[in-house]
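These numbers come from a predicted model, not from an experiment. Chain A is the first sequence line, chain B the second, and so forth, proteins listed ahead of strands; every chain is numbered from 1.
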Amino acid sequence: MKKAMQVRIGYVAMSTVIKNASPSRTMTYKQFEKLGDIEAGYRRLERIAEENLHNTLRLLKHNRMHDIHLYRMSSKLIPLATHQSLQDWDPFPYLKPAFSAIGDYANQAGMRLSFHPDHFTVFSTPREEVLRHSIRDLTHHVRMLDAMGLDDRAKNNIHIGGAYGDKATAGARFIHQFSKLDPTLKRRVTLENDDKTFNAVETLQISEKLRLPMVLDIHHQWVNNEGERPQDLWPRIHATWREEHVVLPPKIHVSSPKNDKDLRGHADYVQVEPLLNFLRAIAPITTHLDVMIEAKMKDDALFKLMDDLKQYTNDGVTIKDQASVEIEG
DNA sequence: ACCTGTCAAGTCTGG
DNA sequence: CCAGACTTGACAGGT
């Protein structure tokens, strides 16, 4: 009997299919100031956040309708949440029911949810102030996951950060500064290789040292590598997920180059063949895999990819449902 | 309805 | 040392 790898596919933040369902509506600090009334400003921000959370729930329902069990939420659910001048504001009491509704729905549907704090969360920074802001941002993301009632399988995916002219020192500083974080934060983190600075080999070393699961971005690995093939790193990357106290399939990110001039930019859709080649290479040693699509066309790119995969059904690919496939090694 | 500039946060590069 | 590039979705303000 041939081994087959179960692959689930997901997408990020917003839908290009469902209209008027942005989970990232915001308000600028300038507008907040212009209101003059701080309390009124807080209430308006809370309403916007409530709407973002409501739209997130709408997206989850859309996902369930299309068998999508993998979804990364917007980091901008609460506008100005970590803004320096709004430290006295606590929007969570008001938003608790809306957060719970999301978590309850996801838990019931068996969905895997995550965040990706943006690249301002940098634990390799030499600046004390930036480190403080990074901790604040990560804490905020963990608090949102907690408010949803999601267990530690729901992660915050981050990059290592800048090199500051000396990558080895920056990497060591990341390890040092990350190690000092509260365990409740550390448990919620995965590390991802980036497309400019910390490549897959370097990120993997740090993941192993800190015992953190590593998310392999195969597009980043393609533009930032040491000559290795991604499948050659896979046994070790796969192993970083085995230390999880809960069973969690390894996750990878996939996107395709925007064009010949801009290889790092993300295209509207995902090319099926490079992805399929990688999936076939790791299928013999992997039982489950989650694939996050990072394409401009979001869920539409997911549907297109599933459609493209259909032409390989006589070639080791079995379509299981609208968002998952089985790949033979 | 559509277009252009701005926002928010960091790092990095060029002058 | 400082201005600008980079990135992203959405706001803000203009036509």
Original post:
In whole Å, what separates the P atom of C:dA3 from that of B:dC7?
Top reply: 15 Å

Original post:
With respect to the side chain of A:Ser24, which nucleotide from B:dT11, C:dG9, C:dC11 is positioned closest?
Top reply: C:dG9

Subject >> Phosphate-side-chain proximity, A:Arg127 and B:dT11, N/O vs OP1/OP2 below 4.0 Å >> reply: yes

Subject >> Any A:Arg25 side-chain nitrogen or oxygen under 4.0 Å from OP1 or OP2 of C:dG9 >> reply: no

**OP:** Check whether the side chains of A:Tyr269 and A:Asp300 place a donor and an acceptor atom closer than 3.5 Å, and report yes or no.
**Re:** yes

**OP:** Write down the distance between NZ (A:Lys296) and C1' (C:dT8), rounded to a whole number of angstrom.
**Re:** 8 Å

**OP:** Would you mind reading off the distance between A:Asp194 atom CG and C:dT7 atom C1', rounded to a whole angstrom?
**Re:** 13 Å

Original post:
Starting at NE2 of A:His159 and ending at P of C:dC6, how long is that distance when rounded to a whole Å?
Top reply: 18 Å

Original post:
Can you tell me how far C1' of C:dG9 sits from CD of A:Glu51, to the nearest Å?
Top reply: 15 Å

Original post:
Between C:dA12 and A:Gln31, is there an OP1 or OP2 to side-chain N/O distance shorter than 4.0 Å?
Top reply: yes

**OP:** For nucleotides C:dG4 and B:dT6, find the distance between their P atoms and express it as a whole number of Å.
**Re:** 11 Å

**OP:** Determine, using ring centers only, whether A:Phe303 and A:His66 are less than 6.0 Å apart.
**Re:** yes

**OP:** Using atom CG of A:Asp195 as one end and atom C1' of B:dT11 as the other, report the distance to the nearest whole Å.
**Re:** 13 Å

Original post:
Between A:Arg43 and A:Asp37, is there a salt bridge with N-O shorter than 4.0 Å?
Top reply: no

Original post:
What distance, rounded to whole Å, do you find between the two P atoms, one in B:dC12 and one in C:dG9?
Top reply: 23 Å

**OP:** Give one of base, sugar-phosphate or nothing for A:Ser22, where a contact means two heavy atoms less than 4.0 Å apart.
**Re:** sugar-phosphate

Subject >> Under 4.0 angstrom between A:His133 side-chain N/O and B:dG10 OP1 or OP2 >> reply: yes

Original post:
Are A:Met73 and A:Met144 close enough that some pair of their side-chain heavy atoms sits under 4.5 Å apart?
Top reply: no

Original post:
Does a donor on one side chain and an acceptor on the other come within less than 3.5 Å for A:Asn277 and A:Arg280?
Top reply: no

**OP:** Respond yes when some side-chain nitrogen or oxygen of A:Ser134 is under 4.0 Å from OP1 or OP2 of B:dG10, and no when none is.
**Re:** no

**OP:** Check the distance between C:dA10's P and A:Lys19's NZ and give it to me in whole angstrom.
**Re:** 11 Å

Original post:
Which one, C:dA10, C:dG13, B:dT11, comes nearest to the side chain of A:Lys34?
Top reply: C:dG13

Original post:
Is the phosphate of B:dT11, meaning OP1 or OP2, less than 4.0 Å from a side-chain N or O of A:Thr125?
Top reply: yes

Original post:
Within the structure, does a side-chain N or O atom of A:Thr28 lie under 4.0 Å from either OP1 or OP2 of C:dA12?
Top reply: yes

**OP:** Give me the ring orientation class for A:His220 and A:His159: parallel if the planes are under 30° apart, tilted from 30 to 60°, perpendicular past 60°.
**Re:** tilted

Original post:
Any idea how A:Phe174 and A:Phe123 line up, ring-wise: parallel (<30°), tilted (30 to 60°), or perpendicular (>60°)?
Top reply: perpendicular

Original post:
Pick the nucleotide of DNA chain C nearest each of A:Lys298 and A:Lys196; which residue has the one closer to the 5' end?
Top reply: A:Lys196

Original post:
Got a salt bridge between A:Lys196 and A:Asp194, using NZ or NE/NH1/NH2 to carboxylate O under 4.0 Å?
Top reply: no

**OP:** Round to the nearest Å and state the distance from A:Lys30 atom NZ to B:dT6 atom P.
**Re:** 9 Å

Subject >> Short N-O contact, A:Lys304 and A:Asp308, less than 4.0 angstrom >> reply: yes

**OP:** Nearest whole angstrom, please: distance from the P of C:dT8 to the CZ of A:Phe115.
**Re:** 19 Å

Subject >> Selected nucleotide, minimal atom distance to A:His119 side chain, candidates B:dG10, C:dG9, B:dT11 >> reply: B:dG10

Original post:
Would you say B:dA8 has OP1 or OP2 under 4.0 Å from some side-chain N or O of A:Lys76?
Top reply: no

**OP:** Could you please name the option among C:dG9, B:dA8, B:dT11 that lies closest to any side-chain atom of A:Tyr29?
**Re:** B:dA8

**OP:** Mind listing the residues from residues 161-175 of chain A sitting with a heavy atom below 4.0 Å of DNA chain B? Number order is fine.
**Re:** A:Gly162, A:Ala163, A:Tyr164

